[in-house]
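Since the model is a prediction, treat every value here as computed from it, not as a measurement.
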Amino acid sequence: MPRARLISLALVLPLLAFVGVTFVAPLASLLSKSAYETRVHDVIPETMSVLDTWDGHGLPPEAAFATIAKELPSARADRTLLRLSGAANRLRPGMRIFIAATAQRVPRAEFAGTWRETLAGIDEGWADPQTWRVIKQAATKFSLRHYLQALDLEQRPDGSIGARPEQERVYMPLLWRTLVVSFFVTLLCFVIGYPIAMLIADSPPRRRNLLLLLVLVPFWTSLLVRTTAWIVLLQRQGVINDVLVSFGLLGDDTRLEMIYNMTGTFVAMTHVLLPFMVLPLYSVMRSIPENQLRASASLGASPMQGFVRVYFPQTLPGVGAGALLVFILSIGYYITPALVGGSSGQLISNMIAYHVQTSLNWGLAAALSSILLAAIIVLYLAFNRLVGIDRMRLG
């Protein structure tokens, strides 16, 4: 390898190591939890080794009853029982209390000749094969149950996979809402940003610098401050409603609901992401010769024809770059919908954050993240197929 290339590689290695340690490794670790998790399995390892040979029909062998009767009290003493009971409770409500009560009563229970009869005497649920199927599914190392839940699917007792009842479907409607909101935010940014970029590109240098400064101001303001400002403006007793009421356009009892719903989400996200559309468009428009529109007019084209057939096609690389930036950023938005979206304006990122921070169901959060990442990759490939990434320009 040439010496110059070795030197370049040596200069880049610290950056690659930093990115690998602080970004790639944590991301890979989290995503792996979507299908591989040992924390629950390690609570009852001996029981799981017995259940691995059980086909799920009828009750498991006596050895499974004996090992779980030994491991549940140990897990309770080690304070790891909640891992098992919590994972099982997500699959079947009521399992948390059921497992915790058994772990507490087993040491004091009178042995009835077999552990099967002893556990059934503590709670009849141990004589139900479905209880054991839930425990096996909750504690298995490799499982796609998180992906099934993220796709609003479920595994039925006969082993088949089908859609959850309509009232229990949560994640796919959220994902669809996220994609729809991202598309319309991108469209709004384009509709608002295109004329702004044209105005900046066609302005004299002094005015252009001032307009660019106004566009860049949001980058210098905290995201939390910008979002909170929209709460002040859009709430029922906020500035916009007060102005409309003072001009007689609205009655005091008919103030608009513009916050803590989808309207607030659209307004705040469009404001935050607008510069990501304006700047790529401006950089492309600045490279278009000013005399082209005059030349088209001299050849008999109307202003609209000149714009549609001469000017706009040359700005498509900037349109593509801005649209891709805004769309991908809006898909992963979290703080803005959390503050101004209310229950109807939440996106899939808010649900991922909930499972990471509150419910601590990292497996489901990782599955949702994987599905969102896959959706972005598919859309990126489709965009590349239709438009061409090599045609985009940021400057």
Over 12 non-hydrogen atoms of neighbours within 6.0 angstrom of [atom1] in [X]:
X: Leu16; atom1: CG; value: yes
X: Arg309; atom1: CZ; value: no
X: Glu110; atom1: CD; value: no
X: Phe111; atom1: CZ; value: yes
X: Ile335; atom1: CD1; value: no
X: Trp362; atom1: CH2; value: no

Side-chain heavy-atom pair [X], [Y] within 4.5 angstrom cut-off:
X: Met198; Y: Phe307; value: yes
X: Arg90; Y: Leu364; value: no
X: Val134; Y: Gln137; value: no
X: Leu179; Y: Leu379; value: yes
X: Phe183; Y: Val180; value: no
X: Pro275; Y: Leu216; value: no
X: Val181; Y: Tyr333; value: no
X: Leu119; Y: Ile122; value: yes

(message) The test is side-chain contact (heavy atoms from CB on, under 4.5 Å); show your working for Asn241 and Met258 and say whether it passes.
(response) CA-CA 9 Å; Asn241 268 309; Met258 296 182 291; 3.7 Å; yes

(request) Take Ile200 and Val278, measure what side-chain contact (heavy atoms from CB on, under 4.5 Å) needs, and give me the verdict at the end. (result) CA-CA 9 Å; Ile200 298 174; Val278 172; 4.2 Å; yes

Under 3.5 Å: donor-acceptor pair, side chain of [X], backbone of [Y]:
X: Thr270; Y: Cys189; value: no
X: Ser302; Y: Gln305; value: yes
X: Glu37; Y: Gly363; value: no
X: Arg255; Y: Arg236; value: yes
X: Thr315; Y: Phe312; value: yes
X: Glu71; Y: Glu46; value: yes
X: Thr140; Y: Lys136; value: no
X: Arg164; Y: Arg169; value: no
X: Ser370; Y: Ala366; value: yes
X: Asn350; Y: Leu347; value: yes

(message) Parallel, tilted or perpendicular, judged at 30° and 60°: which one describes the rings of Phe266 and Phe184?
(response) perpendicular

(request) Evaluate the ring planes of Tyr311 and Tyr194, with Trp represented by its six-membered ring, and classify them as parallel (under 30°), tilted (30 to 60°) or perpendicular (over 60°). (result) perpendicular

Looking only at non-hydrogen atoms, find the nearest pair between [X] and [Y] and report the distance.
X: Ser330; Y: Leu273; value: CB-CD1, 3.6 Å
X: Ile196; Y: Leu274; value: CD1-CD2, 4.2 Å
X: Phe65; Y: Trp126; value: CE2-O, 3.6 Å
X: Thr336; Y: Met269; value: CG2-CG, 3.8 Å
X: Asp152; Y: Glu168; value: OD1-O, 4.2 Å
X: Met172; Y: Leu151; value: CG-O, 3.5 Å

(request) Determine, for Arg208 against Asp202, whether the closest basic-nitrogen to carboxylate-oxygen distance falls under 4.0 angstrom. (result) no

[X] [atom1] to [Y] [atom2] distance, which is reported to the nearest 0.5 Å:
X: His271; Y: Arg226; atom1: NE2; atom2: CZ; value: 6.5 Å
X: Tyr334; Y: Leu339; atom1: OH; atom2: CG; value: 8.5 Å
X: Thr38; Y: Phe142; atom1: OG1; atom2: CZ; value: 9.5 Å
X: Leu373; Y: Leu368; atom1: CG; atom2: CG; value: 12.5 Å
X: Gln149; Y: His146; atom1: CD; atom2: NE2; value: 8.0 Å
X: Glu257; Y: Leu234; atom1: CD; atom2: CG; value: 11.0 Å

Is there a chain of hydrophobic side chains (I, L, V, M, F, W, Y, each step under 4.5 Å between heavy atoms) that links [X] to [Y]?
X: Leu187; Y: Val185; answer: yes
X: Leu15; Y: Leu11; answer: no
X: Ile192; Y: Leu329; answer: yes
X: Val225; Y: Val272; answer: no
X: Val378; Y: Tyr171; answer: no

(request) Check the pair Tyr147, Ser34 against side chain to side chain donor-acceptor pair (under 3.5 Å), reporting the backbone distance first and the verdict last. (result) CA-CA 7 Å; Tyr147 284 99; Ser34 63; 2.7 Å; yes

(message) Determine whether Ile68 and Val50 satisfy the following criterion, side-chain contact (heavy atoms from CB on, under 4.5 Å), listing intermediate values before the conclusion.
(response) CA-CA 10 Å; Ile68 204 167; Val50 177; over 6 Å; no

(message) With side-chain contact (heavy atoms from CB on, under 4.5 Å) as the criterion, how do Ile135 and Ile44 come out once you've worked through the C-alpha distance, each side chain's angles and the decisive distance to 0.1 Å?
(response) CA-CA 10 Å; Ile135 291 175; Ile44 50 170; 3.8 Å; yes

(message) We want to know whether Arg39 and Thr80 form a side-chain donor-acceptor pair, criterion being a heavy-atom distance below 3.5 angstrom.
(response) no

